Amino acid sequence: MFENEIIIIGGGLSGLTAAYLLARQGKKVLVIEKKSYPFHRVCGEYVSNEVKDFLIREDLFPFEHNPPSINRFRLSAVNGNHADFPLELGGFGISRYVLDHHIFQKCLEQGVQFLQKTQVIDVRYESKKHCFLVETNDGTILPAVFVLGAHGKRSKIDKKLDRPFIQKRSPYIGVKYHIQAEGLEDQMVALHNYNGGYLGINKVENGHFNLCYLGSREQLKTSGSIAAMEETYLYKNPHIREIFQNAHFLWDRPEVINEISFATKQPIENQILMLGDAAGMITPLCGNGMAIAIHTAILAAEAFRENQHLTEIQEAYQKNWNRYFRKRLFLGRKIQQLFGAPLVSSLAVKLLQSSTFLSRQLIRQTHGTPM
Ligand SMILES: Cc1cc2nc3c(=O)[nH]c(=O)nc-3n(C[C@H](O)[C@H](O)[C@H](O)COP(=O)(O)OP(=O)(O)OC[C@H]3O[C@@H](n4cnc5c(N)ncnc54)[C@H](O)[C@@H]3O)c2cc1C
(Lines give C-alpha, C1' and ligand atoms only; values in the text may rest on other atoms or scores of the structure.)
Protein backbone atom coordinates (compact mmCIF):
# COMPACT_ATOMS: atom_id res chain seq x y z
CA MET A 1 0.00 0.00 0.00
CA PHE A 2 1.27 3.51 -0.88
CA GLU A 3 1.68 6.10 1.77
CA ASN A 4 -1.00 8.17 -0.01
CA GLU A 5 -4.00 6.17 -0.99
CA ILE A 6 -5.76 9.21 -2.45
CA ILE A 7 -4.18 12.47 -3.56
CA ILE A 8 -6.50 15.43 -4.08
CA ILE A 9 -5.24 18.26 -6.26
CA GLY A 10 -6.61 21.53 -4.86
CA GLY A 11 -8.19 22.31 -1.51
CA GLY A 12 -11.20 24.48 -2.38
CA LEU A 13 -14.68 23.41 -1.37
CA SER A 14 -14.83 20.29 -3.52
CA GLY A 15 -11.33 19.07 -2.56
CA LEU A 16 -11.78 19.78 1.15
CA THR A 17 -15.23 18.17 1.33
CA ALA A 18 -14.04 15.07 -0.52
CA ALA A 19 -10.96 14.84 1.73
CA TYR A 20 -13.13 15.06 4.83
CA LEU A 21 -15.64 12.42 3.69
CA LEU A 22 -12.96 10.02 2.43
CA ALA A 23 -10.93 10.35 5.62
CA ARG A 24 -14.09 9.50 7.55
CA GLN A 25 -14.25 6.30 5.50
CA GLY A 26 -10.78 5.48 6.87
CA LYS A 27 -8.88 6.35 3.69
CA LYS A 28 -5.43 7.95 3.76
CA VAL A 29 -5.82 11.27 1.99
CA LEU A 30 -3.32 13.93 0.99
CA VAL A 31 -4.53 17.33 -0.27
CA ILE A 32 -2.06 19.41 -2.28
CA GLU A 33 -3.04 23.10 -2.28
CA LYS A 34 -1.02 25.82 -3.95
CA LYS A 35 -2.00 28.51 -1.41
CA SER A 36 -2.09 28.39 2.39
CA TYR A 37 -5.18 28.66 4.61
CA PRO A 38 -6.92 30.93 5.33
CA PHE A 39 -7.10 32.94 2.11
CA HIS A 40 -9.57 35.00 0.12
CA ARG A 41 -10.73 33.95 -3.33
CA VAL A 42 -13.03 35.47 -5.93
CA CYS A 43 -16.53 34.18 -5.19
CA GLY A 44 -19.93 35.73 -4.46
CA GLU A 45 -20.09 33.80 -1.16
CA TYR A 46 -23.80 33.11 -1.34
CA VAL A 47 -24.21 29.40 -0.50
CA SER A 48 -27.41 27.72 -1.63
CA ASN A 49 -29.30 25.89 1.13
CA GLU A 50 -29.08 22.76 -1.03
CA VAL A 51 -26.04 21.87 1.09
CA LYS A 52 -27.00 23.34 4.46
CA ASP A 53 -28.46 20.11 5.94
CA PHE A 54 -25.48 18.15 4.68
CA LEU A 55 -23.02 20.60 6.28
CA ILE A 56 -24.91 20.49 9.58
CA ARG A 57 -25.18 16.68 9.51
CA GLU A 58 -21.45 16.31 8.84
CA ASP A 59 -20.46 18.88 11.49
CA LEU A 60 -19.09 21.20 8.78
CA PHE A 61 -21.48 24.14 9.13
CA PRO A 62 -19.64 27.19 10.50
CA PHE A 63 -22.17 28.02 13.27
CA GLU A 64 -19.65 30.02 15.28
CA HIS A 65 -19.50 32.62 12.48
CA ASN A 66 -23.26 33.04 12.43
CA PRO A 67 -23.76 33.12 8.64
CA PRO A 68 -26.71 35.38 7.74
CA SER A 69 -29.72 33.72 6.08
CA ILE A 70 -30.67 34.96 2.63
CA ASN A 71 -34.18 34.48 1.33
CA ARG A 72 -34.85 37.28 -1.14
CA PHE A 73 -33.53 37.93 -4.63
CA ARG A 74 -33.34 41.21 -6.57
CA LEU A 75 -32.57 41.28 -10.27
CA SER A 76 -31.91 44.60 -11.98
CA ALA A 77 -31.49 45.35 -15.67
CA VAL A 78 -28.78 47.60 -17.07
CA ASN A 79 -31.13 50.61 -16.85
CA GLY A 80 -31.86 49.93 -13.14
CA ASN A 81 -35.35 48.53 -13.68
CA HIS A 82 -35.65 45.74 -11.13
CA ALA A 83 -37.76 42.87 -9.84
CA ASP A 84 -37.71 41.25 -6.36
CA PHE A 85 -38.67 37.65 -5.60
CA PRO A 86 -38.68 35.39 -2.58
CA LEU A 87 -36.11 32.58 -2.82
CA GLU A 88 -37.92 29.33 -2.15
CA LEU A 89 -34.91 27.42 -0.88
CA GLY A 90 -32.65 30.38 -0.10
CA GLY A 91 -29.16 30.25 1.23
CA PHE A 92 -26.65 31.84 3.57
CA GLY A 93 -23.68 34.17 3.23
CA ILE A 94 -20.19 33.24 4.40
CA SER A 95 -16.77 34.24 3.15
CA ARG A 96 -14.55 31.60 1.58
CA TYR A 97 -11.82 32.84 3.93
CA VAL A 98 -13.88 31.50 6.82
CA LEU A 99 -15.70 28.55 5.22
CA ASP A 100 -12.70 26.91 3.55
CA HIS A 101 -10.56 27.41 6.65
CA HIS A 102 -13.30 25.91 8.81
CA ILE A 103 -13.50 22.75 6.66
CA PHE A 104 -9.69 22.60 6.45
CA GLN A 105 -9.57 22.40 10.25
CA LYS A 106 -12.24 19.69 10.27
CA CYS A 107 -10.11 17.75 7.76
CA LEU A 108 -7.08 17.99 10.06
CA GLU A 109 -9.18 16.54 12.88
CA GLN A 110 -9.95 13.57 10.61
CA GLY A 111 -6.28 12.96 9.87
CA VAL A 112 -6.17 14.41 6.33
CA GLN A 113 -2.61 15.34 5.35
CA PHE A 114 -1.92 18.65 3.58
CA LEU A 115 0.86 20.00 1.46
CA GLN A 116 0.20 23.75 1.30
CA LYS A 117 1.97 26.31 -0.88
CA THR A 118 2.62 23.42 -3.24
CA GLN A 119 1.47 23.17 -6.82
CA VAL A 120 0.81 19.99 -8.77
CA ILE A 121 2.48 20.34 -12.14
CA ASP A 122 1.93 16.89 -13.63
CA VAL A 123 -0.01 13.67 -13.09
CA ARG A 124 0.66 10.41 -14.90
CA TYR A 125 -1.22 7.15 -14.67
CA GLU A 126 1.01 4.09 -14.80
CA SER A 127 -1.39 1.45 -16.06
CA LYS A 128 0.98 -1.48 -15.54
CA LYS A 129 1.57 -0.57 -11.90
CA HIS A 130 -2.03 0.61 -11.36
CA CYS A 131 -0.86 3.81 -9.77
CA PHE A 132 -0.64 7.55 -10.33
CA LEU A 133 2.51 9.61 -10.10
CA VAL A 134 1.87 13.17 -8.97
CA GLU A 135 4.63 15.70 -9.52
CA THR A 136 4.82 18.95 -7.56
CA ASN A 137 6.59 22.22 -8.29
CA ASP A 138 9.47 21.37 -5.93
CA GLY A 139 10.31 18.31 -8.03
CA THR A 140 8.82 15.71 -5.67
CA ILE A 141 7.00 12.77 -7.25
CA LEU A 142 4.32 11.23 -5.07
CA PRO A 143 2.67 7.88 -5.89
CA ALA A 144 -1.03 7.33 -5.16
CA VAL A 145 -3.66 4.70 -5.89
CA PHE A 146 -6.27 7.33 -6.81
CA VAL A 147 -6.17 10.99 -7.79
CA LEU A 148 -9.02 13.49 -7.60
CA GLY A 149 -8.80 16.73 -9.59
CA ALA A 150 -10.32 19.51 -7.45
CA HIS A 151 -8.19 22.30 -8.85
CA GLY A 152 -11.00 24.66 -9.82
CA LYS A 153 -12.05 26.28 -13.06
CA ARG A 154 -8.65 26.60 -14.68
CA SER A 155 -5.20 25.55 -13.62
CA LYS A 156 -1.79 25.02 -15.18
CA ILE A 157 -2.32 21.31 -14.66
CA ASP A 158 -5.22 21.42 -17.18
CA LYS A 159 -2.71 22.49 -19.80
CA LYS A 160 -0.36 19.67 -18.89
CA LEU A 161 -3.27 17.21 -19.08
CA ASP A 162 -4.12 18.70 -22.47
CA ARG A 163 -7.79 19.24 -21.59
CA PRO A 164 -9.64 20.63 -24.63
CA PHE A 165 -11.30 23.65 -22.91
CA ILE A 166 -7.91 25.16 -22.02
CA GLN A 167 -7.14 25.89 -25.66
CA LYS A 168 -9.73 28.70 -25.81
CA ARG A 169 -9.32 32.05 -24.09
CA SER A 170 -12.27 33.26 -22.04
CA PRO A 171 -13.60 36.84 -22.17
CA TYR A 172 -14.53 36.99 -18.46
CA ILE A 173 -12.81 38.38 -15.39
CA GLY A 174 -13.97 38.19 -11.76
CA VAL A 175 -13.54 40.97 -9.18
CA LYS A 176 -14.38 40.75 -5.47
CA TYR A 177 -14.49 43.22 -2.54
CA HIS A 178 -15.70 43.08 1.01
CA ILE A 179 -17.50 46.24 2.04
CA GLN A 180 -19.53 47.80 4.83
CA ALA A 181 -22.55 49.78 3.75
CA GLU A 182 -25.74 51.25 5.15
CA GLY A 183 -29.13 50.63 3.65
CA LEU A 184 -28.52 47.19 2.13
CA GLU A 185 -31.01 44.47 2.97
CA ASP A 186 -29.49 41.77 5.19
CA GLN A 187 -31.49 38.90 3.76
CA MET A 188 -31.25 39.76 0.09
CA VAL A 189 -28.93 38.60 -2.65
CA ALA A 190 -29.02 41.07 -5.52
CA LEU A 191 -27.82 40.61 -9.07
CA HIS A 192 -27.31 43.87 -10.96
CA ASN A 193 -26.62 43.79 -14.69
CA TYR A 194 -24.46 46.26 -16.53
CA ASN A 195 -23.39 46.45 -20.13
CA GLY A 196 -20.68 43.76 -20.20
CA GLY A 197 -21.36 41.81 -17.03
CA TYR A 198 -23.22 41.52 -13.74
CA LEU A 199 -22.55 42.21 -10.10
CA GLY A 200 -23.80 40.30 -7.06
CA ILE A 201 -24.07 41.60 -3.53
CA ASN A 202 -25.04 39.85 -0.31
CA LYS A 203 -24.20 39.84 3.37
CA VAL A 204 -21.54 37.52 4.81
CA GLU A 205 -20.24 37.16 8.42
CA ASN A 206 -19.28 40.09 10.71
CA GLY A 207 -21.86 42.42 9.17
CA HIS A 208 -19.74 42.70 6.00
CA PHE A 209 -21.09 42.46 2.46
CA ASN A 210 -19.56 40.64 -0.45
CA LEU A 211 -19.54 42.62 -3.67
CA CYS A 212 -18.42 40.55 -6.59
CA TYR A 213 -18.80 40.89 -10.33
CA LEU A 214 -18.20 38.98 -13.49
CA GLY A 215 -16.83 41.46 -15.99
CA SER A 216 -15.20 41.74 -19.35
CA ARG A 217 -11.47 41.35 -19.99
CA GLU A 218 -11.82 43.63 -23.01
CA GLN A 219 -13.46 46.44 -21.01
CA LEU A 220 -10.66 46.26 -18.43
CA LYS A 221 -8.09 46.46 -21.19
CA THR A 222 -9.67 49.50 -22.83
CA SER A 223 -10.35 51.26 -19.50
CA GLY A 224 -6.77 50.82 -18.27
CA SER A 225 -7.72 50.18 -14.62
CA ILE A 226 -10.40 48.48 -12.53
CA ALA A 227 -11.58 51.82 -11.07
CA ALA A 228 -11.88 53.39 -14.53
CA MET A 229 -13.77 50.37 -15.84
CA GLU A 230 -16.19 50.51 -12.90
CA GLU A 231 -16.92 54.19 -13.49
CA THR A 232 -17.34 53.80 -17.24
CA TYR A 233 -19.38 50.62 -17.38
CA LEU A 234 -20.70 49.44 -14.02
CA TYR A 235 -21.95 52.82 -12.76
CA LYS A 236 -24.41 53.02 -15.66
CA ASN A 237 -26.69 50.82 -13.58
CA PRO A 238 -27.93 53.23 -10.86
CA HIS A 239 -28.06 50.45 -8.24
CA ILE A 240 -24.39 49.69 -8.76
CA ARG A 241 -23.43 53.37 -8.69
CA GLU A 242 -25.27 53.86 -5.41
CA ILE A 243 -23.64 50.79 -3.83
CA PHE A 244 -20.12 51.92 -4.81
CA GLN A 245 -20.71 55.50 -3.71
CA ASN A 246 -22.00 54.51 -0.27
CA ALA A 247 -19.61 51.63 0.40
CA HIS A 248 -16.72 51.57 2.80
CA PHE A 249 -14.19 49.26 1.11
CA LEU A 250 -12.44 46.99 3.58
CA TRP A 251 -9.40 46.04 1.50
CA ASP A 252 -6.77 48.14 -0.27
CA ARG A 253 -7.46 46.35 -3.53
CA PRO A 254 -9.93 43.76 -4.78
CA GLU A 255 -9.26 40.10 -5.47
CA VAL A 256 -9.17 39.67 -9.24
CA ILE A 257 -9.08 36.62 -11.51
CA ASN A 258 -9.29 36.20 -15.26
CA GLU A 259 -9.96 33.42 -17.75
CA ILE A 260 -13.27 32.30 -16.21
CA SER A 261 -14.60 29.74 -18.62
CA PHE A 262 -17.97 27.98 -18.65
CA ALA A 263 -16.91 25.59 -21.39
CA THR A 264 -18.01 21.96 -21.25
CA LYS A 265 -15.56 19.65 -19.48
CA GLN A 266 -15.58 15.97 -18.63
CA PRO A 267 -15.97 14.56 -15.09
CA ILE A 268 -13.28 11.93 -15.80
CA GLU A 269 -10.13 12.76 -17.72
CA ASN A 270 -6.74 11.02 -17.79
CA GLN A 271 -8.17 8.49 -15.28
CA ILE A 272 -8.72 11.35 -12.79
CA LEU A 273 -12.11 12.00 -11.17
CA MET A 274 -12.72 15.71 -11.65
CA LEU A 275 -14.67 17.50 -8.90
CA GLY A 276 -16.33 20.91 -8.64
CA ASP A 277 -15.35 23.47 -11.26
CA ALA A 278 -12.68 21.12 -12.63
CA ALA A 279 -15.55 18.99 -13.99
CA GLY A 280 -17.57 21.97 -15.22
CA MET A 281 -18.44 25.42 -13.93
CA ILE A 282 -21.97 26.74 -13.60
CA THR A 283 -22.29 30.48 -14.26
CA PRO A 284 -22.01 32.53 -11.05
CA LEU A 285 -25.42 34.11 -11.65
CA CYS A 286 -27.00 30.77 -10.69
CA GLY A 287 -25.39 31.21 -7.25
CA ASN A 288 -24.75 27.53 -6.61
CA GLY A 289 -21.24 26.66 -7.83
CA MET A 290 -20.24 26.03 -4.23
CA ALA A 291 -23.21 23.72 -3.65
CA ILE A 292 -22.32 21.82 -6.81
CA ALA A 293 -18.66 21.59 -5.72
CA ILE A 294 -19.76 20.06 -2.41
CA HIS A 295 -22.25 17.76 -4.13
CA THR A 296 -19.59 16.42 -6.54
CA ALA A 297 -17.42 15.62 -3.50
CA ILE A 298 -20.33 13.70 -1.95
CA LEU A 299 -20.79 11.71 -5.19
CA ALA A 300 -17.07 10.91 -5.34
CA ALA A 301 -17.05 9.76 -1.71
CA GLU A 302 -20.09 7.56 -2.39
CA ALA A 303 -18.37 6.03 -5.43
CA PHE A 304 -15.37 5.16 -3.24
CA ARG A 305 -17.54 3.76 -0.47
CA GLU A 306 -19.44 1.43 -2.80
CA ASN A 307 -16.60 0.33 -5.11
CA GLN A 308 -12.98 -0.71 -4.89
CA HIS A 309 -11.46 -0.64 -8.35
CA LEU A 310 -10.65 2.47 -10.36
CA THR A 311 -12.91 1.59 -13.30
CA GLU A 312 -15.91 0.87 -11.04
CA ILE A 313 -15.34 4.07 -9.09
CA GLN A 314 -15.10 6.04 -12.33
CA GLU A 315 -18.28 4.50 -13.74
CA ALA A 316 -20.29 5.17 -10.59
CA TYR A 317 -19.07 8.77 -10.37
CA GLN A 318 -19.57 9.55 -14.06
CA LYS A 319 -23.11 8.14 -14.04
CA ASN A 320 -24.16 10.22 -11.05
CA TRP A 321 -22.36 13.34 -12.24
CA ASN A 322 -24.26 13.19 -15.53
CA ARG A 323 -27.50 12.56 -13.71
CA TYR A 324 -27.20 15.58 -11.40
CA PHE A 325 -25.21 18.18 -13.27
CA ARG A 326 -25.11 17.85 -17.05
CA LYS A 327 -28.51 19.51 -17.58
CA ARG A 328 -28.00 22.15 -14.88
CA LEU A 329 -24.69 23.27 -16.35
CA PHE A 330 -26.18 23.37 -19.84
CA LEU A 331 -29.09 25.55 -18.64
CA GLY A 332 -26.70 27.80 -16.74
CA ARG A 333 -24.77 28.43 -19.97
CA LYS A 334 -28.00 29.35 -21.77
CA ILE A 335 -29.16 31.72 -19.01
CA GLN A 336 -25.74 33.38 -18.94
CA GLN A 337 -26.42 34.54 -22.49
CA LEU A 338 -29.44 36.52 -21.23
CA PHE A 339 -27.37 38.73 -18.99
CA GLY A 340 -24.92 41.58 -19.41
CA ALA A 341 -26.54 43.03 -22.54
CA PRO A 342 -28.91 46.00 -22.15
CA LEU A 343 -31.89 44.86 -24.20
CA VAL A 344 -31.78 41.23 -23.18
CA SER A 345 -31.34 41.86 -19.45
CA SER A 346 -34.18 44.39 -19.48
CA LEU A 347 -36.45 41.94 -21.27
CA ALA A 348 -35.48 39.20 -18.83
CA VAL A 349 -36.37 41.44 -15.86
CA LYS A 350 -39.72 42.39 -17.46
CA LEU A 351 -40.55 38.77 -18.16
CA LEU A 352 -39.70 37.70 -14.63
CA GLN A 353 -41.60 40.68 -13.15
CA SER A 354 -44.72 39.58 -14.98
CA SER A 355 -44.48 35.87 -14.26
CA THR A 356 -43.96 34.33 -10.83
CA PHE A 357 -44.13 30.92 -12.52
CA LEU A 358 -41.24 31.77 -14.84
CA SER A 359 -39.05 33.21 -12.10
CA ARG A 360 -39.67 30.11 -9.95
CA GLN A 361 -38.88 27.78 -12.86
CA LEU A 362 -35.67 29.64 -13.68
CA ILE A 363 -34.41 29.28 -10.13
CA ARG A 364 -35.65 25.67 -9.74
CA GLN A 365 -34.15 24.41 -12.99
CA THR A 366 -30.64 25.62 -12.19
CA HIS A 367 -30.78 24.55 -8.53
CA GLY A 368 -30.84 21.14 -6.94
CA THR A 369 -32.78 19.89 -3.96
CA PRO A 370 -31.50 19.69 -0.39
CA MET A 371 -29.09 16.81 0.25
C1 LIG B 1 -17.17 35.85 -10.00
C2 LIG B 1 -17.64 34.58 -9.36
C3 LIG B 1 -18.67 34.61 -8.42
C4 LIG B 1 -19.15 33.43 -7.85
N5 LIG B 1 -20.16 33.49 -6.92
C6 LIG B 1 -20.65 32.36 -6.37
C7 LIG B 1 -21.67 32.40 -5.38
O8 LIG B 1 -22.11 33.47 -4.92
N9 LIG B 1 -22.16 31.22 -4.92
C10 LIG B 1 -21.68 30.02 -5.34
O11 LIG B 1 -22.17 28.98 -4.87
N12 LIG B 1 -20.68 29.95 -6.25
C13 LIG B 1 -20.16 31.08 -6.77
N14 LIG B 1 -19.13 31.01 -7.68
C15 LIG B 1 -18.60 29.69 -8.05
C16 LIG B 1 -17.73 29.07 -6.95
O17 LIG B 1 -16.76 29.99 -6.53
C18 LIG B 1 -17.06 27.82 -7.50
O19 LIG B 1 -17.99 27.04 -8.20
C20 LIG B 1 -16.42 26.99 -6.37
O21 LIG B 1 -15.44 27.73 -5.72
C22 LIG B 1 -15.82 25.71 -6.95
O23 LIG B 1 -15.11 25.04 -5.96
P24 LIG B 1 -13.89 24.10 -6.37
O25 LIG B 1 -13.52 23.34 -5.17
O26 LIG B 1 -14.25 23.34 -7.59
O27 LIG B 1 -12.74 25.09 -6.83
P28 LIG B 1 -12.00 26.24 -6.05
O29 LIG B 1 -12.79 26.70 -4.88
O30 LIG B 1 -11.62 27.24 -7.08
O31 LIG B 1 -10.69 25.54 -5.48
C32 LIG B 1 -9.65 25.08 -6.31
C33 LIG B 1 -8.37 25.05 -5.48
O34 LIG B 1 -7.35 24.38 -6.21
C35 LIG B 1 -6.11 25.05 -6.01
N36 LIG B 1 -5.27 24.69 -7.17
C37 LIG B 1 -5.47 25.00 -8.48
N38 LIG B 1 -4.53 24.43 -9.25
C39 LIG B 1 -3.73 23.74 -8.41
C40 LIG B 1 -2.57 22.93 -8.61
N41 LIG B 1 -2.09 22.72 -9.83
N42 LIG B 1 -1.97 22.40 -7.52
C43 LIG B 1 -2.47 22.60 -6.27
N44 LIG B 1 -3.56 23.36 -6.03
C45 LIG B 1 -4.18 23.91 -7.08
C46 LIG B 1 -6.50 26.51 -5.94
O47 LIG B 1 -5.55 27.28 -5.25
C48 LIG B 1 -7.83 26.43 -5.18
O49 LIG B 1 -7.66 26.56 -3.79
C50 LIG B 1 -18.60 32.18 -8.23
C51 LIG B 1 -17.55 32.15 -9.15
C52 LIG B 1 -17.07 33.32 -9.72
C53 LIG B 1 -15.93 33.25 -10.69
Side-chain angles (χ1 to χ4, degrees), residues 7-19 30-51 70 91-96 99-101 103-104 114-123 134-137 147-161 170 172-177 189-191 197-202 204 210-215 254-262 265 274-297 300 325 329 332 366-368:
I7 289 184
I8 302 182
I9 309 170
L13 273 184
S14 63
L16 288 169
T17 310
L30 171 72
V31 177
I32 306 180
E33 166 54 53
K34 72 175 179 194
K35 298 195 175 164
S36 80
Y37 302 99
F39 59 95
H40 286 288
R41 59 171 99 233
V42 173
C43 180
E45 304 180 329
Y46 162 83
V47 189
S48 160
N49 275 344
E50 282 164 74
V51 288
I70 295 169
F92 58 93
I94 185 89
S95 71
R96 296 295 298 271
L99 182 60
D100 291 27
H101 189 233
I103 303 180
F104 162 67
F114 281 85
L115 274 180
Q116 297 186 60
K117 290 192 175 166
T118 307
Q119 196 170 351
V120 173
I121 57 163
D122 198 8
V123 185
V134 177
E135 186 177 347
T136 61
N137 58 326
V147 170
L148 304 185
H151 47 274
K153 52 192 114 11
R154 194 178 178 101
S155 164
K156 273 189 189 158
I157 189 71
D158 291 315
K159 206 164 201 177
K160 192 78 190 176
L161 296 175
S170 159
Y172 302 112
I173 59 164
V175 180
K176 171 178 128 175
Y177 302 90
V189 54
L191 193 72
Y198 49 82
L199 171 146
I201 182 157
N202 56 265
V204 290
N210 170 304
L211 190 163
C212 184
Y213 61 88
L214 188 80
E255 289 283 316
V256 183
I257 51 168
N258 56 20
E259 297 294 343
I260 303 168
S261 157
F262 309 111
K265 300 174 186 165
M274 300 292 178
L275 310 187
D277 287 355
M281 185 181 176
I282 193 152
T283 63
L285 68 89
C286 295
N288 58 0
M290 286 192 269
I292 291 182
I294 291 172
H295 196 174
T296 59
F325 307 121
L329 265 61
T366 51
H367 283 66

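First listed ligand is number 1; within each ligand, the first listed atom is number 1. Note that these values count all heavy atoms, side chains included, but never hydrogens, waters or copies made by symmetry. Bear in mind that the values here come from a model prediction, so they are computed numbers and not experimental data.
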**Q.** T118: partners by side-chain hydrogen bond (donor to acceptor under 3.5 Å, both in side chains), with sequence neighbours left out
**A.** none

Q. Between Y37 and F104, what is the ring plane arrangement, given parallel below 30°, perpendicular above 60°, and tilted in between?
A. parallel

Q: Spell out, as yes or no, whether a donor-acceptor pair under 3.5 Å connects the side chain of K265 to the backbone of D277.
A: yes

Q) Considering residues at least two apart in sequence or located in another chain, which fulfil the side-chain hydrogen bond (donor to acceptor under 3.5 Å, both in side chains) criterion with E259? A) R169

Can you pull every nitrogen or oxygen pair between ligand 1 and the protein closer than 3.5 angstrom?
from	atom 1	to	atom 2	distance (Å)
ligand 1	5 (N)	G44	N	2.7
ligand 1	8 (O)	E45	N	3.3
ligand 1	8 (O)	Y46	N	3.3
ligand 1	9 (N)	Y46	O	2.8
ligand 1	11 (O)	Y46	O	3.4
ligand 1	11 (O)	G289	N	3.1
ligand 1	11 (O)	M290	N	2.8
ligand 1	12 (N)	G289	N	3.4
ligand 1	12 (N)	M290	N	3.4
ligand 1	19 (O)	D277	OD1	2.8
ligand 1	19 (O)	D277	OD2	3.3
ligand 1	19 (O)	G289	O	3.4
ligand 1	21 (O)	R96	NH1	2.7
ligand 1	25 (O)	L13	N	3.2
ligand 1	25 (O)	S14	N	2.9
ligand 1	25 (O)	S14	OG	2.8
ligand 1	26 (O)	S14	OG	3.4
ligand 1	26 (O)	D277	N	2.8
ligand 1	29 (O)	R96	NH2	2.9
ligand 1	31 (O)	R41	NH1	3.3
ligand 1	38 (N)	S155	OG	2.9
ligand 1	41 (N)	V120	O	3.0
ligand 1	41 (N)	S155	OG	3.3
ligand 1	42 (N)	V120	N	2.9
ligand 1	44 (N)	K34	N	3.2
ligand 1	47 (O)	E33	OE2	2.7
ligand 1	49 (O)	E33	OE1	2.6
ligand 1	49 (O)	E33	OE2	3.1
ligand 1	49 (O)	R41	NH1	2.9
ligand 1	49 (O)	R41	NH2	3.1

Q: Mind checking the CD1-CG spacing from I94 to D100? Nearest 0.5 Å is all I need.
A: 10.0 Å

Donor-acceptor list for residues 153-160 side chains, cut-off 3.5 Å, not counting sequence neighbours:
from	atom 1	to	atom 2	distance (Å)
R154	NH2	I166	O	3.4
S155	OG	I157	N	3.3
D158	OD1	H151	NE2	2.9
D158	OD1	R163	NH1	2.9
D158	OD2	S155	N	3.0

